[in-house]
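First comes the structure, then the notes that go with it.
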Amino acid sequence: MMHGTVLVIDPIATNRIGLRVKLAASHYHVVQASSIAEAIRVIGKTPPELILSAVNLPDGPPSRLLARLRRTKICGKVPIIALSCAQDPQERLAMLTLGFDDVLEKPVDDRLLLARARSLMRAYASAMEWKLRDGTSRALGFAEVNAQFAPARQVKLVAHDTERRDALAKDLMPQMHAQLHTCHPGHVVHGDEDDTAPDAFVLVVEPGREAEMLGLLATIRSHANTRHSAVLLVQTEDNPQLAAQLLDMGANDLMPENAETAELALRLDTLLARKKVADALRDTVRNGIEAAVIDPLTGLHNRRYAMPHLTRIAERANVTGKPFAVMIADMDHFKSVNDRFGHAAGDAVLIETAQRLKANVRGIDLVARIGGEEFLIVLPAIGLSNAKKAALRLCREVRNKPIAVPGSEAAVTATVSIGMIVYDPTMPPSSGLPLTAAALLDRADRALYDAKAEGRNRVMLSRPAA
């Protein structure tokens with residue numbers, strides 16, 4: 001099984017062959033090019049998911065390569081790693097500034113190369129997936145751009161050595177576009193998930209502390225409050241095996257301690273920008289999903305959510321053998337409220353009624369708005385006697401206190417009629433009721449019709465035939 005397509009760009013055939021052998025052994029499909037022009041032709045036929053490129057190409061510098069790749073609209077969608085022979089921090093910084101995702105020095109350790117490839121491909125695939133979900137939400141009309149004030153990004157610099165930590169923070173602060181805080185590794189993650197998590201961690205991997213940093217990285221990635229934080233590792237000693245392990249465990253980026261502080265600031269800015277986009281996409285998709293299942297007026301779940309939920313409750317009842325109740329509550333004479341006071345007053349009455357229904361059921365119960373003035377109430381694990389008491393209580397709580405009409409001194413005394421069915425899975429099959437959400441809803445709806453016919457403001461029970 002192939003893990004993805006990698007484009008190798010290098011004018012020297014033996015270099016291309018060496019990389020192809022290494023990548024193919026890890027189940028990557030490898031395509032090759034010896035120049036920028038040939039790379040563009042290859043991309044047109046076989047779009048890659050990762051590009052590895054030499055710095056010295058026969059038909060132009062790295063900036064020309066990136067410019068041509070931008071025209072193909074592949075930049076920003078496919079990670080690009082530069083492979084350089086020069087061990088020059090300034091050159092690496094220049095490459096990163098141009099737009100390369102990373103710069104690795106030749107000869108590249110196989111483990112580090114493959115781990116870096118996996119890490120970058122994973123990050124880009126995740127970003128594309130969130131963009132796809134965002135596009136789907138927008139196409140369905142669920143998502144809107146949420147423009148709001150964004151607080152300053154927070155970065156936490158973590159190291160044991162206080163002198164090393166303070167010196168790095170002092171050099172880094174003037175070059176950052178975020179707020180920097182320092183701390184000891186033992187104080188990084190707290191148990192309270194309500195604490196504000198930093199947007200990024202900089203973990204300094206010091207000699208003799210490698211195992212501790214591996215554990216800390218695992219904790220950051222597993223903790224609900226920090227799992228989406230970016231993590232940049234700074235290695236004080238060259239250790240490709242450890243670097244590969246850290247990347248595979250979820251580090252987003254990794255660099256040597258002897259690099260320019262400007263490179264650290266640049267890498268951090270890149271990670272923070274990516275996280276900002278990822279956070280926005282996650283929020284947009286989450287808001288879209290909520291919009292799909294939440295009634296915007298009352299804040300209750302809607303029919304789209306309620307019907308599958310009712311199905312799940314019925315399935316669970318079959319397993320546990322416990323009965324459950326299904327009610328449909330419909331407001332009485334609601335049209336007269338709109339006619340007398342206007343739709344704003346009608347909305348206020350609906351909202352207040354929804355709040356009273358929600359406030360007078362258990363946390364495990366469902367209250368959903370499934371029509372204009374119609375509500376579905378599902379009470380799991382409840383018998384006939386308690387279900388009847390609950391239904392009568394709901395009628396009473398809606399009726400007993402008048403609802404104020406906005407912009408007026410008038411108040412409306414609202415009432416609801418409730419049709420209810422209690423399903424007991426231990427009853428014999430001769431009861432004749434198919435255990436489906438639609439059938440349960442139909443029986444409750446018939447009982448509601450009877451409640452209306454009997455004079456409204458009452459509860460009527462429907463039972464399966466014996």
Side-chain angles (χ1 to χ4, degrees), residues 3 26 50 79-82 92 96 100-105 108-127 153-160 164-165 168 172 176 178 180-189 197-259 261 263-279:
H3 296 324
S26 294
L50 173 69
I80 307 167
I81 299 176
R92 187 171 61 244
L96 293 170
F100 284 95
D101 291 275
D102 204 357
V103 182
L104 300 179
E105 297 172 0
V108 183
D109 181 89
D110 294 356
R111 293 163 299 184
L112 178 58
L113 173 64
L114 292 170
R116 196 68 182 110
R118 287 190 293 268
S119 174
L120 285 170
M121 292 172 79
R122 193 164 54 239
Y124 273 78
S126 177
R153 311 302 274 178
Q154 304 291 319
V155 176
K156 190 171 281 190
L157 173 61
V158 184
H160 266 281
R164 173 185 269 123
R165 192 171 67 218
L168 185 55
L172 187 57
M176 285 188 58
L180 183 66
H181 310 275
T182 62
C183 77
H184 183 274
H187 304 145
V188 169
V189 179
D199 296 285
F201 290 96
V202 178
L203 307 183
V204 181
V205 186
E206 298 161 292
R209 301 286 183 179
E210 294 85 356
E212 184 177 2
M213 281 300 168
L214 284 167
L216 178 56
L217 177 59
T219 300
I220 289 171
R221 281 292 169 251
S222 63
H223 198 278
N225 204 31
T226 57
R227 66 167 59 104
H228 296 303
S229 299
V231 179
L232 191 157
L233 275 298
V234 177
Q235 279 191 289
T236 57
E237 294 181 344
D238 184 34
N239 187 336
Q241 181 177 355
L242 176 63
Q245 192 174 358
L246 290 164
L247 289 167
D248 281 336
M249 286 183 62
N252 300 95
D253 203 354
L254 187 140
M255 60 178 286
E257 186 183 36
N258 61 4
T261 310
E263 179 180 333
L264 175 56
L266 176 61
R267 287 181 184 267
L268 266 177
D269 281 345
T270 300
L271 291 179
L272 289 171
R274 288 178 186 166
K275 183 178 185 294
K276 184 177 180 180
V277 171
D279 287 347

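One is the number of the first residue; the rest follow in order along the sequence. Note that the structure is a prediction, hence the values are computed from the model and not measured.
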Min side-chain heavy-atom separation [X]-[Y] under 4.5 Å:
X    : Y    : value
P256 : D238 : no
L264 : L232 : yes
L168 : E257 : no

If I compare all heavy atoms of [X] with all of [Y], which pair ends up nearest, and what's the gap?
X    : Y    : result
V155 : A178 : CG2-CB, 4.0 Å
P240 : R111 : CB-NH2, 4.3 Å
L50  : A117 : CD2-CB, 3.5 Å
V188 : C183 : CG2-SG, 3.8 Å
D248 : R118 : OD2-NH2, 2.7 Å
A197 : N225 : CB-O, 2.7 Å

Please lay out, stage by stage, how L216 and F201 fare under the test side chain to side chain contact (heavy atoms under 4.5 Å, CB included). CA-CA 11 Å; L216 178 56; F201 290 96; over 6 Å; no
Look up atom [atom1] in [X] and atom [atom2] in [Y], then write down how far apart they are to the nearest 0.5 Å.
X    : Y    : atom1 : atom2 : answer
M121 : I81  : CE    : CD1   : 9.5 Å
L272 : M176 : CG    : CE    : 6.5 Å
L266 : R92  : CG    : CZ    : 11.5 Å
D101 : L120 : CG    : CG    : 5.5 Å
M213 : L242 : CE    : CG    : 11.0 Å
D109 : R116 : CG    : CZ    : 14.5 Å

Begin from the C-alpha positions of T236 and R164 and carry the test side chain to side chain contact (heavy atoms under 4.5 Å, CB included) through to its verdict. CA-CA 10 Å; T236 57; R164 173 185 269 123; 3.8 Å; yes
Would you please name every residue forming a side chain to side chain contact (heavy atoms under 4.5 Å, CB included) with R165, sequence neighbours left out? L157, A159, T162, T182, H184
Using the side chain to side chain contact (heavy atoms under 4.5 Å, CB included) criterion, which residues pair with T261? Sequence neighbours excluded. D171, L172, Q175
Given 3.5 Å as the limit, does a donor-acceptor pair link the side chain of [X] with the main chain of [Y], or not?
X    : Y    : answer
E212 : E210 : no
R153 : D199 : no
T219 : G215 : yes

Where do L268 and D253 land on the side chain to side chain contact (heavy atoms under 4.5 Å, CB included) test, with the steps shown first? CA-CA 9 Å; L268 266 177; D253 203 354; over 6 Å; no
Ring pair (Phe, Tyr, Trp, His ring centres under 6.0 Å) involving H181 - partner list, sequence neighbours excluded: none
